[in-house]
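Comments concern the structure below.
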Amino acid sequence: MDIFKESLVSFIKTAIKEKKNIDITNEESEKLIKNPPDVSFGDYSLAAYYMAGYGFKGKPEEIAEEIFNIFMPNLARIEDLFDKIEIKGAYVNFFVNKARFASFVVRDVSGSGGDYGKGSPEKPLRVIIDFSSPNIAKPFGVGHLRSTVIGMSLSNIYKFCGHNVIKINYLGDFGTQFGKLITAFCRYDDIDFDEFEVNPVKSLYNLYVRIHKEAEEDPSIDDVARDNFKELEEGLVRGNAGGLEDRLGSIDGGQTESVMGTALDMGVMDNKGKQLRITKELKSRFCDSGPDGKISLWKFFRNLSKKEFEGIYEKIDIKFDYYEGEAESAVFSNDIKEILLKSGIAEESEGAVIINIKGGKTPALIAKSDGTSLYFSRDIVTAIFRMAKYNFDKMIYVVGSEQSLHFNQLCGVFDIIKENLNKISEKDNTRFKRYASLISGRLVHVKFGRIIGMSTRKGNLVFLEDYIKEASLKAKEKLLLDNKITEADKDGTSLKVGIGAVIFNDLKTRRTTDVNFNWDNVLSFEGQTGPYLQYTVSRINSLVSKLGVVDSEGGAASDTADFLFSKNDDDFNDIFLITKQISGFRDAVGSAMELNEPSVLSSYALELASLFNRYYQNYRLIGNDSDYIKPRLLMLSAVRTVLTRILNLLCVPVLERM
RNA sequence: GCGUUCAUAGCUCAGUUGGAUAGAGCAACAGCCUUCUAAGCUGUGGGUCGCAGGUUCGAAUCCUGCUGGACGCACCA
């Protein structure tokens, strides 16, 4: 909060106490202060409607009059900070001393180093953000990009607000579909092993599509696939002797790393720890050796895919603290099933095990009739492990809204467990009870809408790589046309612009609305786009470096003066608008975090960039004397500081020049 | 059928949590580069906030109904 608003807050608080004998907190007082919709209504306002709750009575206009009369006699107490107070209908509007305000903001930014807007909560939260989470047998498409950039951006925002963030990529590395993949891989003789090395995910996907098609003709394939999956899962369970409680015990003892690393395999790695290339011999060894072979094959698929994903993440500069997988949780799913059945929380139905979540009509399914695990049961185990490992205050799942039901049920299960804790026997379940009961109320599903209508010209799924390539190509054309780069593009400018366009496009609208995809829109780079923001920062860079030269020749300006700007300056009003926007940065980050909504920052940044570009167009700095330039240099770098920060928070690359 | 969610300018979206005159960007049209990067700026036109009720001083925002779309609803994830 700035000193202007602060003084209003305390003034209102005192006035209400003095005049109405009502005690209110600073927070309540702050809530009464509104931001008028238009600058012509001033900078802050008090609405009579809200004041009615604090002892003010009568028609709104009368209340406004009364408030106005409270302020006027005491104007001296705040007049340094405010130019004018006026009544307009039911509102009392406050106009800040613009020259002072602008000077204050600019100093505030330059004084906080690069940390302007950073939060430092008294009790930082420990927040897990689970995002991206691609399925290892499905191409990394646009849907995963959304989860990835929203998650990464939220991680940045929480961190910037002073919280402790743990970023987890929960790979979709398990489930019935892997039974299918194993079946397919072993069934077909014409598999291109080289292609498998180069494009593992695509190869797996093709296998999946192929076997799926064949299964439509011959349903017995599905049975084989289910058996293969069962064999795989049971093999893993055998390989990890000891149940859930033991595992939680070892986590308590500090053994937090995945148990899968030590799981059985038969020669997936060479003696240097490098994964072997698949060959015909290796393939038949995997396929003919029962559970151990299945496990090896599964690991082989997983490793190759993970490597491919890491390449993509590196390209768009996304980093995770941990990679996890569903398989580890699958191993302990059966324990969960037993606990919940025994305590009566879950029940059997048609051979499967279900839980009725209150308020929901659809029961949650935690185990299949053949005893193997499900997505849902694995997520329960995973959450418990994470509580044991990280003791989180909040866990955010960044997953599409089509999975709302799943996450409602997941939250519901932990509520039920907490309510029925005494039904679960203490014996052998101490740790389970401790951790599971802590989870209730701490899970958040941050959902996002689908991307509609995105396809190649042939109507196929668009891969992220191609998406970025297309955008970069377009950026390159533009750069070449303007004679800004050589064909070689050594700095990778076009790639950064392309990535910026693609990522920003995903973050500029509110998460929950479905995005209508439109190539023209993504490839235009004008108006409300990532490149527009990148361009704005580049412009400032260029201008600042040129002004820096001018300034060093011109001598010192009034660094310590109370006012850096004068209301007689030609550009005064525009400078004020810019600084006003800058001063809203803290609130913007704050609500972006509160709402788990990066787009709050996108809109904010676009507005700031737009104000700056208008200023840039209308006023010339070079050629003026140093006293004129120096404060404006501070203003420029304040804009740059905030815009750069937001680009960083939103995972949009910042360019020195473009 | 049940549940969730959405509907704002030709198109894509904002709209400060119920407040003052509903705003941007694209697209269209008219302008601005011998001057700090034209991926920019200025101006014009464009709206029954899906429809109908209700709640109150006040509704794009909350409630109900209707219409239309998206998603989900037991052994997939």
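The chains referred to below are lettered A, B, ... by the order of the sequence lines, with proteins before strands, and numbering in each begins at 1.
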Under 4.0 Å, heavy atoms only, any strand: does A/D520 hit a base, just the sugar-phosphate, or nothing? nothing
Base, sugar-phosphate, or nothing for A/T509, non-hydrogen atoms under 4.0 angstrom? sugar-phosphate
Heavy atoms under 4.0 Å, any strand shown: does A/D514 hit a base, just sugar-phosphate, or nothing? sugar-phosphate
Do A/D489 and A/T486 have a side chain donor and acceptor closer than 3.5 Å? no
Requiring both pairing distances under 3.5 angstrom, list the stems that contain RNA chain B and are made of three or more consecutive Watson-Crick or G-U pairs. B:1-7 with B:67-73, B:10-13 with B:23-26, B:28-32 with B:40-44, B:50-54 with B:62-66
If you take atom types as modelled and just measure distance, does the side chain of A/K34 reach the base of B/rU16 with a donor-acceptor pair under 3.5 Å? no
A/R539 side chain to A/N613 side chain, donor-acceptor N/O pair below 3.5 angstrom: yes
Mind checking A/R632 for me? I need base, sugar-phosphate or nothing, with any heavy atom below 4.0 Å counting as a touch. nothing
Under 4.0 Å between any heavy atoms, over every strand shown, what does A/Y532 touch: base, sugar-phosphate, or nothing? Just pick one. sugar-phosphate
Kindly indicate, with the supporting measurements, whether the criterion ring pair (Phe, Tyr, Trp, His ring centres under 6.0 Å) is fulfilled by A/Y532 and A/F525. CA-CA 6 Å; A/Y532 174 77; A/F525 305 166; over 10 Å; no
Integer angstrom distance from the P of B/rU61 to that of B/rA7: 11 Å
Would B/rU37 be called syn or anti here, given the cut-off of 90° from 0? anti
Need the glycosidic conformation of B/rC11: syn if within 90° of 0, anti if not. Which one? anti
Pick base, sugar-phosphate or nothing for A/T372, based on heavy-atom distances below 4.0 Å to the nucleic acid. nothing
Classify A/L405 by what it touches in the nucleic acid, base, sugar-phosphate, or nothing, heavy-atom distance under 4.0 Å. sugar-phosphate
Between A/L636 and A/L621, does the side-chain contact (heavy atoms from CB on, under 4.5 Å) criterion hold? Intermediate values first, please. CA-CA 11 Å; A/L636 291 181; A/L621 296 186; 4.0 Å; yes
Stacking between B/rG19 and A/Y49, yes or no? Criterion: centroid separation under 5.5 angstrom, plane angle under 30 degrees. yes
From CZ of A/R510 over to P of B/rU61, roughly how many Å is that when rounded to an integer? 14 Å
Side chains of A/N505 and A/T529: is there a donor and an acceptor less than 3.5 Å apart? no
Need one value for A/S538: base, sugar-phosphate or nothing, where a base atom within 4.0 Å counts as base even if backbone is also close, heavy atoms only. base
Is A/R620 touching bases, backbone alone, or none of the nucleic acid, heavy atoms closer than 4.0 Å? base
Using only side-chain N and O atoms of A/K478, determine if any of them is under 4.0 Å from OP1 or OP2 of B/rA39. yes
Per atom distances to the A/Y91 side chain, the nearest of B/rA77, B/rA39, B/rA20 is B/rA20
Between B/rA59 and B/rG54 - P atom distance, rounded Å: 12 Å
Report which part of the nucleic acid A/E326 touches: base, sugar-phosphate, or nothing (heavy-atom distance under 4.0 Å, all strands). sugar-phosphate
OH of A/Y50 versus P of B/rU16: gap in Å, rounded? 11 Å
What is the nucleic acid contact for A/N93, judged by heavy atoms within less than 4.0 Å: base, sugar-phosphate only, or nothing? base
Would you indicate what A/E607 reaches in the nucleic acid, counting non-hydrogen atoms under 4.0 angstrom: base, sugar-phosphate, or nothing? nothing
Side chains of A/E597 and A/S599: donor-acceptor distance under 3.5 Å anywhere? yes
